[in-house]
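These notes concern the structure reproduced below.
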Protein chains: 2
Amino acid sequence: MEICPKCSTNHFVIRAGMIRGKVRYQCKSCQVHFTQEQSAKPIPQKQIHTTIKDIANIMGVSIATVSRALNNKPDISPKTREAIQKLALELDYNPNLFAKGFQRGETKTIGVVIPNIKRPFFAGVLSGIQEVANERGYRVMICQSNESYEAEISNIQGLLASHVDGLLISHSKETTRFNQIKNLFEKGLPMVHFDRICTEVDTPKIRQEDFEGAFQLVEHLIQQGYQRIAILAGPPELLISQKRKEGYLHALEKYGLVIQKDYMVHGDFSKEFALASLDKWLQLPEPPDAIFAIHYLNAVEIIQYAKKLGIAIPKQLGIVGFGDEYLAEIVDPPLTVFHLFPQKVGEIAAGLLFDVISSKDSTRQADVLVQGQLIIRKSSLKKA
Amino acid sequence: MEICPKCSTNHFVIRAGMIRGKVRYQCKSCQVHFTQEQSAKPIPQKQIHTTIKDIANIMGVSIATVSRALNNKPDISPKTREAIQKLALELDYNPNLFAKGFQRGETKTIGVVIPNIKRPFFAGVLSGIQEVANERGYRVMICQSNESYEAEISNIQGLLASHVDGLLISHSKETTRFNQIKNLFEKGLPMVHFDRICTEVDTPKIRQEDFEGAFQLVEHLIQQGYQRIAILAGPPELLISQKRKEGYLHALEKYGLVIQKDYMVHGDFSKEFALASLDKWLQLPEPPDAIFAIHYLNAVEIIQYAKKLGIAIPKQLGIVGFGDEYLAEIVDPPLTVFHLFPQKVGEIAAGLLFDVISSKDSTRQADVLVQGQLIIRKSSLKKA
DNA sequence: TGCGTCTCCGTAAACGATACCGATAGGTTT
DNA sequence: AAACCTATCGGTATCGTTTACGGAGACGCA
C-alpha cells in the first residue's frame with residue numbers, strides 16, 4: 001500500500017481510481033488525494049541556449065543582477081558587472097528575444113506580405129526593407145500571397161498570431177475587400193502600404209510615379225514620332241493599372257492624339273494575354289505603331305514575339321515598359337523603361353513603419369511618392 | 001507626512017532619501033521602507049490581441065478551461081467547449097504563438113541565411129522553402145549575408161537569439177571558417193546546408209548537379225565541334241566553383257582534349273572580371289572557341305560583349321552557362337544552360353530540416369542531389 | 001550616537017499559454 | 001453503504017526576461 005505524503009502512514013490509504021494513466025489514492029485520515037506513478041526520469045537534453053539563470057547560478061548571484069549587468073543598467077557595481085559580462089561572453093550567451101519581447105509586449109519583428117518573392121521588383125523591395133530593419137534591430141517575416149486573396153488573409157492571420165509589431169503590405173491582384181485590414185488598422189496595428197496600396201484605409205502609403213512615369217513614357221513615344229500608341233494594362237481593379245493608364249491618357253490628350261478604345265486592353269500580366277493582344281492589334285485596319293506595356297515582362301515578351309513576326313523594332317513598332325530589371329538591358333533591342341527603385345521603396349516603407357511603431361501614433365497620415373527615372377533605350381528610338 | 005502602508009499611521013514615518021527619482025520613507029515603528037510618487041496613471045492602450053485571460057474573464061471560467069477548449073483537449077464538456085470556441089471566434093482570438101512557443105521551448109520558426117534575395121536562384125529557393133514551411137505550420141525568417149562573412153555571423157546570431165527551431169544555410173563566398181556553425185551543430189541545433197554547402201560539418205546537405213551539369217554542358221560543346229573550351233569559374237574557395245570545374249575537366253579528359261591553363265580563370269562573378277577575361281582570351285595566340293561560364297549572368301554578359309566586338313555566336317564562339325533564369329531565353333542568341341531547379345532545392349532543404357527537427361536527431365546524415373536539366377539553345381549550336 | 005543618504009543586490013510579479021496536480025460532484029460497483 | 005470510478009473543472013508552476021520595490025549595509029555628518 002502507498003504511503004500518504006501528508007501523514008506519512010499507509011494505514012488509511014485507499015485506492016481512489018485512475019487519472020491520466022496514473023493510480024490515484026486517498027488517505028482517509030487526512031482526506032488528502034495523491035497519485036502515484038513509476039515513470040522514467042525525463043531525458044536530459046543537450047542545451048543549445050544559455051539563460052540568465054545559468055549565469056546566475058554559476059556566479060552565485062540573482063537573475064536580476066545578471067539582467068542588470070547585461071543591459072548596462074544602474075544599481076550594480078562595476079566589478080560584478082564586468083565579471084558577469086565576461087562569463088556571458090564565454091558561454092556565448094544569447095538573450096532569448098522571444099522571452100524579452102514577450103515580457104515587453106513587443107516582438108521586434110515586422111511582417112511583410114507581398115504577392116511573390118520571385119518577382120525582381122519585390123525582391124528589391126525586400127532587400128531594402130531588410131536593410132532598414134537590420135539597422136533598427138528588427139527582424140523580418142515574409143509571406144507570399146501568390147496573388148491569392150485567401151492566402152493573403154491567412155498570411156496576415158499568421159503574422160498576427162506571431163504578434164508582429166507592424167505590417168508592410170502590397171496586396172494581391174485579387175484583393176478587393178479590405179475589411180480585415182481596416183479592422184486591424186483601427187485596432188492600432190502599425191501598418192504601411194506600398195506599391196499595391198489600398199485607398200480604403202488611411203494607412204501611410206508608398207506610391208510610385210505610376211502616373212508620371214506613364215506620362216513620360218508616352219510623351220517620349222510621341223516625341224519620337226509615334227502616333228498610334230497602344231497600352232497593355234493590367235487588371236482594371238489594380239490601382240497601379242489605373243494610374244498608369246491615366247498617365248497614358250493624359251499624355252495623349254496633351255499632345256492632341258486620338259484616344260482609341262481598340263488600343264487599350266486590360267490583361268492579367270500573362271504572356272499568353274500579351275501575345276494575343278499583339279495579334280489582335282496587328283489585325284486592326286490601323287495597327288498601333290507603339291506599345292506601352294505597364295508590366296516590363298510583357299514588354300519583353302512582345303519584343304520577342306514581334307521580332308519573330310518580322311516586325312522591325314523600333315522602326316515599325318516602338319515598345320516601352322515599366323521597371324528597369326536586368327532584362328531590359330539585355331533584350332534586343334534594349335527596352336526603354338521607366339525605372340522604379342524597388343530598394344528605395346522598401347527602405348522608405350520600412351522607415352515609415354518604424355516611425356509609426358515608435359510614435360505609437362498609428363493614425364499618422366503619410367503619402368510618399370518615390371521618384372522614378374525614364375531610361376531611354378533603343379526600343380523606342382524611331383528617329384535614330 | 002506620509003502614511004505607512006503597513007501600520008497605517010504617520011507618527012513614525014521619516015524621510016529616508018531619494019531613490020530612482022522617488023521620495024523614500026521609512027516607518028520607525030514597523031521598520032518598513034516605502035516610496036512615494038504622484039505620477040499619472042498609465043494610459044490605457046487600445047488592445048490589438050485578445051488573450052485567453054480575456055476570454056476566461058468574460059466566460060467566468062479559468063484560463064485552463066479556455067486553453068483546453070481551444071486546443072480540443074479532453075477533460076472538458078462539449079457545452080463549455082463550444083461556448084468558449086464561439087466567443088473566441090467573435091473576439092477573433094489569435095493565440096500568441098510566441099507565448100506558446102516560449103512555453104514549449106520551440107518557436108515554430110526557421111531561419112534562412114542566404115547571400116542575396118535579389119538573385120533569382122535564391123528567390124526561387126526561398127519560394128520553395130516558404131511553401132513547405134507553410135504546410136508544416138512554420139514561419140520563415142530570412143537574412144541576407146550580402147556575401148559578407150561578418151554579416152553572415154551576425155545574421156546567425158540574430159536568428160539564434162530569436163530561438164529559431166532550425167537553420168537553412170547557404171554560405172557567403174567569403175566564408176571559410178565554420179567553427180561557429182560547427183559549434184551550433186554540435187549543440188544540437190537542427191541545420192541543413194544547401195547550394196553553398198560546408199563540408200566541415202556533418203549537416204544534411206542539398207547539393208546540385210554541379211559536377212554532372214558542368215560535364216554535360218562541356219560534353220555538349222565538344223559534340224558540337226568546339227575544341228578550345230574555356231571556363232570562367234568563381235572564387236576557388238567556393239565548392240560549387242570547384243565541382244563545376246571538375247566536371248569541366250572530366251569532360252575534356254574523357255574526350256581527349258588538351259587541358260590548357262590559360263583557358264581556366266577564377267573570378268568573383270563580377271561583370272568587370274567577365275569582360276576582362278574575354279579580352280584576355282581573345283589576345284591569346286589561340287583564343288578559345290567556346291566559353292563555359294559557371295554563373296549565368298557572366299554568360300549573358302559575355303554574349304553581349306562578344307556581340308559588341310563583332311564575334312559571331314555560336315559560329316565563332318559558343319557560350320554555355322549554369323542556371324536557367326528568364327534571361328537565358330531572352331538574350332540573343334538564347335543561352336544554352338544547365339538548369340537547376342531552385343524551387344525544388346528549397347522544398348527539399350526545408351523538408352529535410354523538418355525531418356531533423358521532428359526526429360530530434362540532429363546527427364542524421366543525408367546528402368541529397370537535386371537533379372538538373374540540360375537545356376540546349378542557340379548559343380552553343382555550332383552545327384546548326 | 002543617531003540620522004540621513006547612497007550603493008548594491010535579492011525578491012517577486014508580470015507577460016500568454018500549457019500541463020500537471022488536485023478537487024469536486026456525481027455515478028457505479030461490490 | 002462503503003468503496004470505487006469518472007467527467008469536468010480550478011489552481012498553479014513553468015518558460016526567460018525585465019523591472020518595481022524593498023532590504024541590508026556602509027558611509028558621512030552633526
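Residue numbering restarts at 1 for every chain, and letters A, B, ... go by the order of the sequence lines. Here the structure is a predicted model, which is why all the values come from computation and not from measurement.
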Whole angstroms only, please: what is the [atom1]-[atom2] distance between [X] and [N]?
X	N	atom1	atom2	answer
B:Asn96	D:dC15	CG	P	18 Å
A:Leu97	D:dC15	CG	C1'	15 Å
A:Leu160	C:dG16	CG	P	14 Å
B:Leu70	C:dA19	CG	P	13 Å
A:Phe98	D:dT17	CZ	P	13 Å
A:Asn57	D:dT17	CG	P	13 Å
A:Glu106	C:dG16	CD	C1'	16 Å
B:Met59	D:dG10	CE	C1'	15 Å

Whichever of B:Ala99 and B:Pro78 has its nearest DNA chain D nucleotide further upstream toward 5': B:Pro78
Given DNA chain D, 5'-ward residue of the pair A:Gln103 and B:Val61, judged by closest heavy atom: B:Val61
Side-chain N or O of [X] versus OP1/OP2 of [N]: is the shortest distance under 4.0 Å?
X	N	answer
A:Lys73	D:dT19	yes
B:Lys100	C:dG16	no
A:Thr65	C:dG10	yes
A:Ser77	C:dT7	no
A:Tyr93	D:dT17	yes
A:Ser67	D:dT17	no
A:Asn71	D:dT17	no

Given the side-chain rings of A:Phe98 and B:Phe98, with only the six-membered ring counted for Trp, is the space between their centroids under 6.0 Å?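 Distance test on ring centres: under 6.0 Å, yes.
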Quick one: are the ring centres of B:Phe178 and B:His171 less than 6.0 Å apart?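 Yes; B:His171 has its ring centre under 6.0 Å from that of B:Phe178.
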What do the steps show when you test A:Asp355 against A:Arg136 for salt bridge (Lys or Arg N to Asp or Glu O under 4.0 Å), and what is the final call? CA-CA 11 Å; A:Asp355 284 352; A:Arg136 302 274 209 134; 3.8 Å; yes
Would you say that A:Ile169 contacts A:Ile156 through its side chain, given a criterion of any heavy-atom pair below 4.5 Å between the two side chains?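 In contact.
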Under 4.0 Å, counting only non-hydrogen atoms across every strand here, what does B:Pro74 touch: a base, just sugar-phosphate, or nothing? nothing
A:Ile76 near the nucleic acid: base, sugar-phosphate alone, or nothing, with a heavy-atom cut-off under 4.0 Å?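 Since only primed, P, OP1 and OP2 atoms lie under 4.0 Å of A:Ile76, the category is sugar-phosphate.
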With the side chain of [X] defined as its heavy atoms from C-beta on, choose the nearest nucleotide among [options].
X	options	result
A:Ala64	C:dA17, C:dT11, D:dC15	C:dT11
A:Asp75	C:dC9, C:dA17, D:dG16	C:dC9
B:Ser62	C:dA17, D:dG10, D:dC21	D:dG10

Please check if the side chain of A:Thr109 supplies one atom and the backbone of A:Thr107 the other of a donor-acceptor pair under 3.5 Å.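 Yes.
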Which residue, A:Ile63 or A:Thr80, contacts DNA chain C at a nucleotide closer to its 5' end, judged by nearest heavy atom?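 It is A:Thr80 whose nearest nucleotide is closer to the 5' end.
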Starting from the C-alpha separation in whole Å, work towards a yes-or-no answer on side chain to side chain donor-acceptor pair (under 3.5 Å) for A:Ser62 and A:Thr65. CA-CA 5 Å; A:Ser62 75; A:Thr65 305; 3.2 Å; yes
